[in-house]
Amino acid sequence: MHILKHELRFIMEKYSIELCFEYKKTEELSPIQRKIAEAAYKACDSSYSPYSKFAVGAAVETDSGEIFHASNQENAAYPSGLCAERNILFYVKSLKPENEIIRMAIAAKNDGKLTKKPVSPCGACRQVMTETAKRQKNKIELIMVGADICIIIKDVNDLLPLQFNADNEL
Ligand code: THU
């Protein structure tokens with residue numbers, strides 16, 4: 001195998017990636033963060049999750065100041081269901097392609113109660129979140145809502161380093 005010198009150097013260097021996030025109690029959230037966290041929490045009520053019995057709600061705020069919400073929707077053919085995060089992102093980008101997403105919140109209910117720990121988005125949703133962020137100028141802030149504590153990530157891109165990219169560029 002022929003490896004060019006600069007490629008060899010690239011392979012041998014070590015990199016590390018930092019993930020910055022904040023912990024905040026719900027009462028410490030800013031008014032808009034709290035509003036969207038509430039919307040995600042309420043969205044859990046429209047979840048159709050008879051199989052997992054795990055209701056997830058997601059809400060987004062757009063640059064037009066509107067708030068939209070969605071929830072996870074399951075199906076007897078399990079892989080046909082879709083997570084709350086992808087439902088809301090695909091819905092809002094279909095409905096309002098000209099608008100940017102500023103902020104997103106996710107919450108989950110187990111046995112009808114908000115989970116104590118914040119729910120963290122699955123890998124497929126992270127892939128969709130990061131690509132959504134890359135299609136726009138603004139970063140997308142993510143609030144993961146839990147009864148005990150919330151986690152805030154200022155840029156969803158931080159959630160999926162080295163994400164799949166059809167251009168094959170890191
Ligand atoms: N789910 C979400 O809605 N979001 C995630 O990020 C992970 C999981 C849903 C899918 C399924 O309906 C249920 O939660 C249990 O996995």
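Note that ligands are numbered from 1 as they come in the structure, with each ligand's atoms numbered from 1 the same way.
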Pairs under 3.5 Å, nitrogen or oxygen of ligand 1 with protein nitrogen or oxygen:
| from | atom 1 | to | atom 2 | distance (Å) |
| --- | --- | --- | --- | --- |
| ligand 1 | 3 (O) | Ala84 | N | 2.9 |
| ligand 1 | 4 (N) | Glu85 | OE1 | 2.8 |
| ligand 1 | 4 (N) | Glu85 | OE2 | 3.4 |
| ligand 1 | 6 (O) | Glu85 | OE1 | 3.4 |
| ligand 1 | 6 (O) | Glu85 | OE2 | 2.7 |
| ligand 1 | 6 (O) | Cys122 | N | 2.9 |
| ligand 1 | 12 (O) | Asn72 | ND2 | 2.9 |
| ligand 1 | 12 (O) | Glu74 | OE2 | 2.4 |

Whether Phe68 and Tyr91 hold their rings parallel, tilted or perpendicular, with breakpoints at 30° and 60°: perpendicular
Beyond-backbone contact of Arg103 with Ile143, side-chain heavy atoms, under 4.5 angstrom: yes
Side-chain donor-acceptor pair present, Gln73, Ser71, cut-off under 3.5 Å: yes
Close side-chain approach of Thr62 to Ile102, heavy-atom, < 4.5 Å: no
With Lys139 via salt bridge (Lys or Arg N to Asp or Glu O under 4.0 Å) - residues at least two apart: none
CA sep, side-chain torsions, deciding dist, call: Asp148, Lys25, salt bridge (charged side-chain N to carboxylate O under 4.0 Å, His left out): CA-CA 7 Å; Asp148 288 350; Lys25 291 189 184 278; over 6 Å; no
